[in-house]
Structure formats: C-alpha cells, structure tokens
Amino acid sequence: MAKALPRNADVAAQFELLADLLEIEGEPSFRVLAYRRAAQRMRETAGSVAQLALNGRAKNLSGIGKTIEEKIVQIVDDGEIHALAKRKATIPSDVVLFMRLPGLGPKTAARIWRELGVATLEDLKAAAEAQRLRSLAGLGAKTEERILKALAAEATAQPFRPLLGEGLPRVLAVVEALREHAGADLVSEAGSVRRRKETFRDLDIIATAADPAGLVDHFTRLAWVVEVAAKGDTKATVLSQEGFRFDLRVVPPESYGNLLQHFTGSKEHNVALREAAVRRGLSVSEYGVQDVESGDVFRTRSEEELYAHLGYEYIPPELRENAGELEAARRGELPALVEVGDLRGDLHAHSTWSDGRDSLEEMVLAAQARGYAYFAVCDHSHRLRDARLEAQWEAIDALNARLAPFRILRGIEVSIRADGSLDVADETLARCEWVMASLHASFDTSPTERVLAAMENPHVDCIGHLTARKINRRPPTEVSVERVIEAAVATGTFLEINSQPDRLDLRDVHARLAGEAGVPVVVNTDAHEVAALGWMEIGIGQARRAWLTKEQILNTRPWREIERSLER
DNA sequence: GCCGTTTTCGGCCCGACTGTTTTCAGTCG
C-alpha cells in the first residue's frame with residue numbers, strides 16, 4: 001500500500017517555518033513572502049497538494065511555481081524540505097518563537113540571537129530581566145518590558161479562537177444597539193465575522209456618526225462592557241463579559257465604503273485587490289482610490305460603488321479570501337450565493353427521544369415557526385431501538401396529521417461502527433424517510449473506508465459532519481474528503497454542512513469542492529434544542545464561503561422533489 | 001520565488017503606530 005500523503009496543513013507548516021527561518025537569516029523579503037503566500041494557498045486548497053505536486057499540477061495553483069512544487073515533492077519523498085532541514089541545523093528552534101512576541105520581528109529576533117547569543121525563550125527572559133537587551137541599538141527599556149509581559153502572558157495564553165457561533169449574535173446585537181443611538185448613521189460589523197469565518201480574534205464594527213465621540217462614548221458605556229481597553233475620539237476597544245474584544249471605529253461618511261471594505265478584509269483579498277489596481281495605475285487605500293497619474297481620489301459611501309469603480313462586480317464578504325473571487329468578479333461570473341431565506345427545511349435535528357433537550361413537538365413547532373415546509377427528526381439510533389422507534393413514528397404521524405401540509409420526516413442518525421457497518425438493520429432503515437450516517441467514535445480507525453462503506457448502503461441518504469472535528473477540541477479525522485466526494489457522486493449520497501458552531505463540518509473549502517463536483521450539499525443545524533435551530537445562519541455563512549448557490553443546496557428544494565431524487 | 005489586459009524581467013499594497021530616534025526602521029493589520 002502506498003504511504004499516506006502529508007496533509008495540506010503539514011505541508012504548509014513546513015513552508016511557513018522555512019519562511020520564518022529565511023527571514024531570520026535575512027533573505028530577501030519577497031522570497032519569504034512567496035513561501036508564506038504559497039503556504040496560505042495550500043491551507044485553503046481542498047484537494048491534496050502533495051498529490052497535485054506528484055502529478056506536476058501543484059503549480060497550477062496561484063502562488064505556487066516550479067520551485068515550490070519540487071519542494072512539496074521533497075516533503076513527500078523525504079519527509080522534509082531539504083532547505084528546511086539545513087536551516088533547522090543552524091538556527092535554534094526557539095528563535096522563531098521570538099518573532100511571535102508582539103513587537104518583535106525577524107530583524108530584532110535575529111539580532112538578539114546573533115549579537116547577544118540568546119537562543120531560548122528562557123535565555124530571552126533572563127536577558128530582558130538583566131536589562132541586557134537595551135545594549136542593542138534601537139532597543140530600550142520599553143522593549144524589555146514588553147517582552148517580559150508577553151512572555152508572562154504566553155504562559156497563560158489560550159491557544160484557541162472563539163467561535164463565530166458565539167460571536168456573531170453578540171456583534172449583531174451591538175450593531176443594533178449602536179444603530180438605535182441618535183447620533184449614529186451607518187453601522188456594520190466588519191472583519192472576519194462579517195466574512196462569516198468560523199472563528200475570530202476580535203469583533204470589528206464600523207460606523208459613521210454626526211458626533212463620533214458621542215457614539216464612541218455610548219459604546220464604552222453599554223451594559224455588558226466590563227473593561228475599556230482603549231478609547232479615543234473615533235475608536236475604542238472594549239472587553240465583554242465573555243472575554244470578547246470589540247473594536248468600534250467611527251469613520252467619515254464620505255469614505256464609509258472604502259473603510260468598510262478595508263476593515264472587512266481579508267488581508268489576502270485586499271493585498272490582491274491592491275496589486276491588481278497598481279497594474280492599472282490605481283492606488284487603493286482605506287481612504288480612497290487614487291489615480292496615480294491624475295491624482296484624483298475616488299471616495300464612496302458604498303462598497304458596491306467601490307468594487308464597480310475598480311472594475312469588479314460586487315463581491316460578497318464571505319468570498320473575500322483571495323480564492324479566485326477577484327478573477328471571477330472581473331469577468332462578472334460570481335455565483336448568486338444561497339441565502340437563509342432560500343431554505344425550506346432542516347434535515348437533521350434531535351429531540352428528547354434521544355439526547356435532545358426539547359420535545360419532538362417543541363422542535364417541530366419551532367421549525368414550522370421559522371417558515372420551513374418540512375423537518376427531519378434524526379434521533380440517534382442507539383437510543384431508539386425497535387419498539388421506541390415505532391412509538392416515535394406514531395408521535396410523528398399524529399403531529400403530521402395535525403400540522404399538514406407541514407411535513408415531519410421519519411429520520412434517523414445512524415452511527416458508522418469501527419468495522420464500517422451501521423448500527424441499525426437495513427430492514428429498519430428501509431422504513432425511514434431520511435437516513436443520516438455519521439462517525440461518532442473510533443475516529444482514528446480507517447475513517448475513509450468506513451464512510452465509503454456507509455455510502456454504499458442504498459438506505460443512507462446523507463453523511464453527517466464528515467470529519468467529526470470539534471473546533472478547538474478535536475482535530476478532523478484523516479478522512480479523504482476527495483474520495484468521499486467521488487463516492488458521493490457515484491452513489492448519489494448527499495453531504496452535510498453541519499451548522500453546530502464548533503463543527504461547521506464540512507468546512508468551507510471542502511464544501512466548495514463538493515459543490516464543484518456536483519454533489520448537493522445539505523445545510524443542517526443538528527439542533528438538540530429549539531434555540532439551536534438558529535444556527536442555520538452560520539451554516540449558510542459556511543455554504544456561502546463555499547461559493548454555493550441555492551441550486552446546490554438540497555434543502556432549498558421542496559420535499560417532494562428531494563424524495564424523488566432519493567428513489568435512485 | 002512568483003507572475004503578466006503594456007512586461008518572461010523587474011517589479012512585488014498601503015498606511016498607522018511605536019520606540020528610539022533627530023529622519024527612520026521595524027512591526028502590525
């Protein structure tokens with residue numbers, strides 16, 4: 001059997017480290033930048049870059065050329081980029097960590113190591129305490145202080161980023177609160193949360209106001225603010241009860257569009273946008289678009305006008321990751337992204353019949369109140385053996401009779417066992433109207449083969465939370481998403497975007513790959529309580545980040561149509 | 001090291017902030 005290929009994240013990490021080490025060595029920054037961009041591209045590529053490199057096709061990815069492709073092959077063959085192994089032998093591993101400290105970059109890190117002989121974080125702490133760093137020109141007492149503070153914080157630092165599902169409702173509520181303030185004009189969330197990225201570092205808000213200082217003041221006095229970290233006339237940073245950082249920036253109305261675009265990012269999108277603009281004689285900044293020749297500056301209140309001025313159709317925030325959206329927008333070929341309002345049902349939810357917290361009736365009524373036409377109750381199979389399953393179906397029938405034409409589907413979520421078999425008999429599955437199959441245990445045991453086996457079962461309609469990751473808690477299984485997508489095409493099985501905030505599984509790039517392969521994606525909440533039905537919002541955000549249209553999302557279709565496609 | 005709606009060579013986003021400086025390099029987003 002062929003040896004397993006390295007994962008994209010691991011390949012990217014080697015290039016990232018190589019970039020760091022080269023930078024410490026003082027290599028030309030553009031070469032370093034090229035490695036960093038390539039690493040970023042790899043992380044956002046859904047298919048295996050190692051496989052692409054072996055086929056000589058990795059250089060089709062933008063930012064990856066012949067040299068980097070060869071280095072990827074080195075990783076496959078020898079486990080490590082040759083140039084990386086060489087540098088690791090000469091530069092102490094901790095020196096790279098110096099660069100991670102705020103205010104320290106590669107230049108300073110290199111000088112601390114070379115000129116003071118400081119090679120570990122421990123040595124660095126000692127040198128700062130002994131006030132030896134200030135012997136270097138350009139470093140002073142402030143720098144030593146900052147390093148010591150950062151090293152102390154490092155020890156207690158939380159490595160994880162908070163979840164979109166936690167931050168989004170909070171930031172939207174704050175946006176609403178600011179809009180209600182008499183002095184506020186335009187207010188919007190910005191940054192990664194506006195792009196609906198799965199996690200965030202801080203929550204950004206952009207606003208215009210007749211009286212900026214008044215709005216900033218109002219912001220810092222909102223009831224939930226526990227600490228004001230910074231406050232000026234036009235911006236402030238505050239901390240909330242949950243420990244989230246909120247940044248408010250009040251900007252001039254005439255360039256609101258420019259600023260909102262700038263502060264929405266992503267950084268990579270903005271860099272690519274500006275590079276393309278430079279080639280056309282335009283200099284883009286948050287303050288406006290300057291025609292280099294004439295000196296004219298274009299400012300606008302509207303992002304739509306800004307993109308139009310630069311020659312693009314409007315690019316929705318979820319697509320702004322420099323993943324092909326600029327080229328597509330230039331040609332006017334962006335997809336019309338799916339919206340929450342397009343959904344007609346939720347095809348994966350639980351009730352007190354298994355581990356849910358709200359009753360079947362409560363869940364169903366809440367789903368109906370959301371405007372859905374159908375709802376699949378998919379309680380866990382191991383909690384619903386034979387007689388109980390029959391009893392649940394009776395309860396479903398009674399509700400259906402009462403609520404028609406609203407339709408409750410007899411669903412089930414079966415577990416894929418370690419040997420790839422399902423934990424419910426085929427005869428029972430045959431009587432269900434909607435079958436989800438998911439990995440719930442033994443994640444390290446041949447996940448790909450087990451999922452493929454489940455898909456071969458004609459009763460299985462959809463694979464739930466494919467990689468079984470829990471953001472910040474459990475890494476994704478090593479399931480081959482590409483092979484699963486191939487099998488989904490072959491067997492007519494659907495794939496889920498699970499909207500639980502810590503799952504969001506499929507992740508964006510994988511869902512995009514599924515869409516490109518023609519696999520209909522089902523956006524489900526996997527709700528275990530009524531309130532969780534609202535997670536659809538972030539699941540749809542994930543679908544939009546995957547470039548998916550209404551047509552590519554199964555549960556935008558009427559149930560009758562879905563039912564027909566199940567009779568394959 | 002990558003890349004091309006003038007380029008296969010000669011460029012490579014833009015501005016703010018900070019600390020330690022008398023004019024700026026380094027860092028950050």
Side-chain angles (χ1 to χ4, degrees), chain A residues 15-16 18-20 22-42 58-72 81 83-84 98-112 133-147 149-150 190-192 195 197 200-202 204 206 230 232 234-235 237 245 247 249 251 255 258-259 261-290 292-293 297 310-312 320 322 326-327 330-331:
Chain A
F15 282 96
E16 205 71 69
L18 179 59
D20 287 347
L22 288 174
E23 205 169 29
I24 287 166
E25 282 189 350
E27 281 281 336
S29 61
F30 293 118
R31 208 169 136 225
V32 171
L33 183 66
Y35 285 135
R36 295 235 165 90
R37 284 183 170 183
Q40 177 78 9
R41 177 63 62 217
M42 292 170 203
K59 46 186 177 304
N60 295 349
L61 298 168
S62 88
I64 297 180
K66 189 162 165 290
T67 308
I68 289 181
E69 179 167 281
E70 286 168 6
K71 287 179 159 58
I72 299 172
I81 303 170
L84 176 60
F98 296 178
M99 285 169 55
R100 306 262 184 283
L101 299 171
L104 288 196
K107 299 272 188 350
T108 316
R111 289 180 59 211
I112 290 173
L133 297 183
R134 64 183 69 174
S135 65
L136 296 177
L139 297 190
K142 280 262 176 61
T143 306
E144 288 172 343
E145 217 171 278
R146 203 172 45 192
I147 287 173
K149 195 174 163 202
S192 69
R195 304 197 311 276
K197 195 174 152 83
F200 63 89
R201 194 189 51 210
D202 43 32
D204 295 312
I206 300 287
T234 60
K235 65 182 207 177
T237 300
R245 286 172 60 93
D247 275 330
R249 210 174 281 260
V251 305
S255 50
N258 306 81
L259 283 146
Q261 195 283 326
H262 173 78
F263 287 113
T264 296
S266 66
K267 186 180 174 218
E268 291 76 18
H269 172 85
N270 286 351
V271 168
L273 180 83
R274 290 169 177 196
E275 282 177 356
V278 164
R279 290 196 289 274
R280 303 168 65 235
L282 299 171
S283 173
V284 178
S285 81
E286 55 266 53
Y287 300 110
V289 181
Q290 185 171 37
V292 174
E293 206 158 299
V297 177
L310 293 171
Y312 301 99
R320 300 182 195 169
N322 191 28
L326 288 165
E327 296 77 359
R330 175 74 72 197
R331 297 190 303 263

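These values consider heavy atoms only, across backbone and side chains, with no hydrogens, waters or symmetry-generated copies. Chain A is the first sequence line, chain B the second, and so forth, proteins listed ahead of strands; every chain is numbered from 1.
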- Query: How would you label the contact of A:L33 with the nucleic acid (heavy atoms, under 4.0 Å): base, sugar-phosphate, or nothing?
  - Reply: nothing
- Item | Residue pair A:K71 / A:L18, side-chain heavy-atom distance below 4.5 Å | yes
- Message: When the P atoms of B:dG26 and B:dT21 are compared, how many Å lie between them, rounded to an integer?
- Response: 14 Å
- Taking the same atom, P, in B:dT7 and in B:dG11, what whole-Å distance lies between them? 15 Å
- Message: Of the options B:dG1, B:dC14, B:dT20, whose atoms approach the side-chain atoms of A:T143 most closely?
- Response: B:dT20
- Message: As a test of reading the structure: which of B:dC14, B:dG1, B:dT27 is closest to the side chain of A:T108, going by heavy atoms?
- Response: B:dT27
- Message: Just N and O in the side chain of A:T67: are any of them under 4.0 Å from OP1 or OP2 of B:dC2?
- Response: yes
- Message: Within the 4.5 Å heavy-atom criterion, are A:F263 and A:D204 side-chain neighbours or not?
- Response: no
- On DNA chain B, check which nucleotide each of A:R201 and A:V32 is closest to and give me the residue with the more 5' one. A:V32
- Query: Out of B:dG1, B:dG19, B:dG15, which has the shortest distance to the side chain of A:Y287?
  - Reply: B:dG15
- Can you tell me how far C1' in B:dC14 sits from the matching atom in B:dT8, rounded to whole Å? 28 Å
- Using atom CD of A:E25 as one end and atom P of B:dG1 as the other, report the distance to the nearest whole Å. 13 Å
- May I ask you to say what A:R146 touches in the nucleic acid, namely base, sugar-phosphate or nothing, with a heavy-atom cut-off under 4.0 Å? sugar-phosphate
- Taking atom C1' in both B:dT6 and B:dG1, compute the distance separating them and give it to the nearest angstrom. 23 Å
- Task: Check the distance between B:dC14's C1' and A:Q290's CD and give it to me in whole angstrom.
- Result: 12 Å
- About how many Å separate NZ of A:K107 and CD of A:E23, when rounded to the nearest 0.5 Å? 7.0 Å
- Task: Would you check if A:H262 and A:V284 make a side-chain contact, meaning some heavy-atom pair closer than 4.5 Å?
- Result: no
- Rounded to whole angstrom units, what separation is found between the CD atom of A:E286 and the P atom of B:dC14? 11 Å
- Note on the structure: To the nearest angstrom, the CG-P distance between A:L282 and B:dC12 comes to 15 Å
- Item | Given B:dG1, B:dG15, B:dT27, the nucleotide with the shortest approach to the side chain of A:S285 | B:dG15
- N or O in side chain of A:S283 less than 4.0 angstrom from B:dC14 OP1/OP2: yes
- N or O in side chain of A:Y35 less than 4.0 angstrom from B:dC2 OP1/OP2: no
- With heavy atoms under 4.0 Å as the rule, sort A:L139 into base, sugar-phosphate or nothing. sugar-phosphate
- Query: Do A:F98 and A:I147 have side-chain heavy atoms sitting under 4.5 Å apart?
  - Reply: no
- Message: Using whole Å, what does the distance between atom C1' of nucleotide B:dG1 and atom CD1 of A:I81 come to?
- Response: 13 Å
- Task: Could you measure between the two C1' atoms, the one in B:dC9 and the one in B:dA16, and give it in whole Å?
- Result: 33 Å
- Are A:S29 and B:dC12 close enough that a side-chain N or O sits under 4.0 Å from OP1 or OP2? no
- Task: Please indicate whether A:K59 has more than 12 foreign heavy atoms, meaning atoms of other residues, nucleotides or ligands, lying under 6.0 Å from its NZ.
- Result: yes
- Hey, does A:V271 reach any base, or is it just sugar-phosphate, or nothing, if we go heavy atoms under 4.0 Å? base
- Spacing between A:F263 atom CZ and B:dG15 atom P, to the nearest angstrom: 13 Å
- Note on the structure: Taken to the nearest whole Å, CG/A:D247 to P/B:dA16 is 17 Å
- Message: What contact category does A:L22 fall into here, base, sugar-phosphate, or nothing, at under 4.0 angstrom with non-hydrogen atoms?
- Response: nothing
- Message: Using a heavy-atom cut-off of 4.0 Å across all strands, would you classify A:A110 as base, sugar-phosphate, or nothing?
- Response: nothing
- Between atom CZ in A:R274 and atom P in B:dG29, what is the gap in whole Å? 15 Å
- Counting heavy atoms from C-beta on, name the nucleotide in B:dG19, B:dT27, B:dC12 closest to the side chain of A:F30. B:dC12
- Reckon A:R280 touches a base, only the sugar-phosphate, or nothing at all at heavy-atom distances under 4.0 Å? nothing
- Under a 4.5 Å cut-off applied to non-hydrogen side-chain atoms, are A:L259 and A:R249 in contact? no
- Message: Pairing check on B:dG1: which nucleotide meets the Watson-Crick or G-U wobble criteria with it, both distances under 3.5 Å?
- Response: B:dC12
- Message: Checking one value: the base orientation of B:dT7, syn if chi is within 90 degrees of 0, otherwise anti.
- Response: syn
- Nearest-Å distance once atom P is located in both B:dG10 and B:dG15: 26 Å
